[in-house]
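To start, the structure under review is shown below, and the notes come after it.
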Amino acid sequence: MCGIVGYIGPRNAAEIVLDGLRRLEYRGYDSAGMAVAAVQGIERRRSVGKLSNLAAILQEQPISGHLGMGHTRWATHGGVTEGNAHPHTDCTGQIVVIQNGIVENYRELKQQLQAEGVPFVSQTDTEVIAHLVAKYYRCGEELLAVAVRRAMQQLKGANAVVVMSALEPDRLVAARMGNAGGVVLGIGEGEMFVASDMPAILDYTQKLLFLEDRELAVVTAEGAEVSDMNGQPVKKSATTVSWNPVLAAKGGYKHFMLKEIHEQPRSITDVIRGRVDFDRSQVMLPDLEDLRPVWPHLRRLHAVACGTAWHACLTAKFLIEDLARLPVEVDYGSEFRYRDPLLEPGSVVLAITQSGETVDTLAAMEEARDKGMQSIALVNVVGSQAARLADGVVYLNAGPEIGVASTKAFTSQVVAAYLLAIYLGQARNTLPQERRQCLLQDLAELPNLVGQVLANGNDYEAIARRYMHCNDFIYLGRGINYPIALEGALKLKEISYIHAEGYPAGEMKHGPIALIDEHLPVVTICPADHVRDKMLSNIEQVKARGGRVIAVATKGDEEVADRADDVIWIPATSRYLTPVLVAIPLQLLAYHIAVLRGCDVDQPRNLAKSVTVE
């Protein structure tokens, strides 16, 4: 969950930047760095590990200047090393870049630059941006902003960058493409601030500007000039934010749940960081390495969880069985502990839990341990009981989730399961490199696709208004999207108090069809996959009985649009990652219905964030 902080003004930039990075530590990171425009030129300091390590280096090797920027990084491309830590520079050291996001086409760009004689010193995709900016800068462009704009236009994927140049030491250039995270500009008296999140700078100013997709800002001590990616000026009005810790934590959103829904491009990116070697098409899960001797003898996974995490387990079953060719049994934690499960030799327990403190899931893990079984935990909270009980851990890195109804943690669980499936496929030799390369390229594109889904926010509210007074809903899905039908129904139940049920669509005729009439909305998950035609048939069966259909479909599928009453469009992706893109519209639909009904979406009645008692 990368953090960005920049400063220009009369104060010591290094102190401001370090303080801002401390305020973003909650987002998680594995390395940190800073660059400051000093008298003798730009100086960098970088370190791995905690921010305190960078602070210690700055104590020993202080830097001073009025222009600077810093970064905390979760590794994506390249390991956790000082050389891969941000900021990154061009060959001359005069152009300096920090970045949030993933450059999806970095391989092609890197090969082009290397063919032009550009040497690379890191394994990161970020270094590509520094060299591209330098390339256009050297081509006669007088302004850093023009070079940054041209470089950004070459990138695929969602990215937020901040750039400075020793040749223009009076400015920072910040740019945003897609939804890799926010870019916030803070307006002070004769000074300006840049950050990826408000808490980094709210102690200095509450007067803020927010960059949107495809916008670029030239930031000087006197203010900021914003333009689009074609160079056309963009007029923006500053927003004044009260420095209230709770309001600041909400990031300008009305509810934590809405904020956490919109954080998913970033939280999904952070699941991926440090775990994929895109050059070798490999998944690296270092906290599972102690289990490496188990993989050749592994015969079955027993997946256990509760609530939303149980739906993630069901999704993981489809992923792991298909990609790793390994059988997976899925149990509720509360049932597993009481049914004396048969855990044959060669079995490993997979526990999925956001908090790591869910009592039934922990009891299932203990039951397995007592029977001599090893376990893997997919968990969000570092140091939680589940993490301590497990023999191997995959941390979600989703950051704090305050809303009781899980959103970003759920999609992070699904993406972590995708990584685990590929990892096990590698270990079991069920996934050749060519297929892994395609699977990982699809994954690299996912955060940007999630951003596209979130860009249609007004559509969800309009649909919610048409259905907010209904008392019952049915959700239908097939295959890997059947668990998402269950999750969509659960979200609606949790926060709007409307009765909703999810079913595998093939079961509709075995009972639920009796409920269908003009008063019952049916949410159908109908992406362009191998069971799309079956889902179309289900839609027609609902319409023939007077039912109302809300369809989630792949953009441009007019057959679905012709049959459904309302359509929520999602971009095309592989069938393995479609569940992530489908889950988010169902989260937003539930959210808007609940808000319109006057419900407390962050703290719904009778529910707790972590169920720690039976």
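Listed for the Glu357 side chain is a donor-acceptor partner under 3.5 Å among the backbone atoms of Gln385. A side-chain donor-acceptor contact under 3.5 Å links Arg436 to the backbone of Leu431. Using modelled atom types, one side-chain atom of Lys408 and one backbone atom of Ala398 make a donor-acceptor pair closer than 3.5 Å. For the pair Glu501 (side chain) and Tyr475 (backbone), a donor-acceptor distance under 3.5 Å is absent. Judged by distance alone, the side chain of Thr315 and the main-chain N or O of His311 form a donor-acceptor pair under 3.5 Å.
Looking at Glu494, Glu401, Gln587 one by one, the single match for side-chain contact (heavy atoms from CB on, under 4.5 Å) with Ser406 turns out to be Glu401.
Salt bridge Asp557/Arg532: present, at least one basic N to carboxylate O contact under 4.0 Å. Salt bridge present: Asp322 and Arg575 bring a charged side-chain N and a carboxylate O closer than 4.0 Å. Using a cutoff of 4.0 Å between basic side-chain nitrogens and carboxylate oxygens, Arg478 and Asp529 are not scored as salt-bridged.
For Lys371, the NZ atom sits in a packed shell: over 12 heavy atoms of surrounding residues, nucleotides or ligands are nearer than 6.0 Å. In Gln603, the CD atom is not crowded: 12 or fewer heavy atoms of neighbouring residues, nucleotides or ligands sit closer than 6.0 Å.
Residues Tyr460 and Val453 form a side-chain contact, since some pair of their non-hydrogen atoms from C-beta on lies under 4.5 Å apart.
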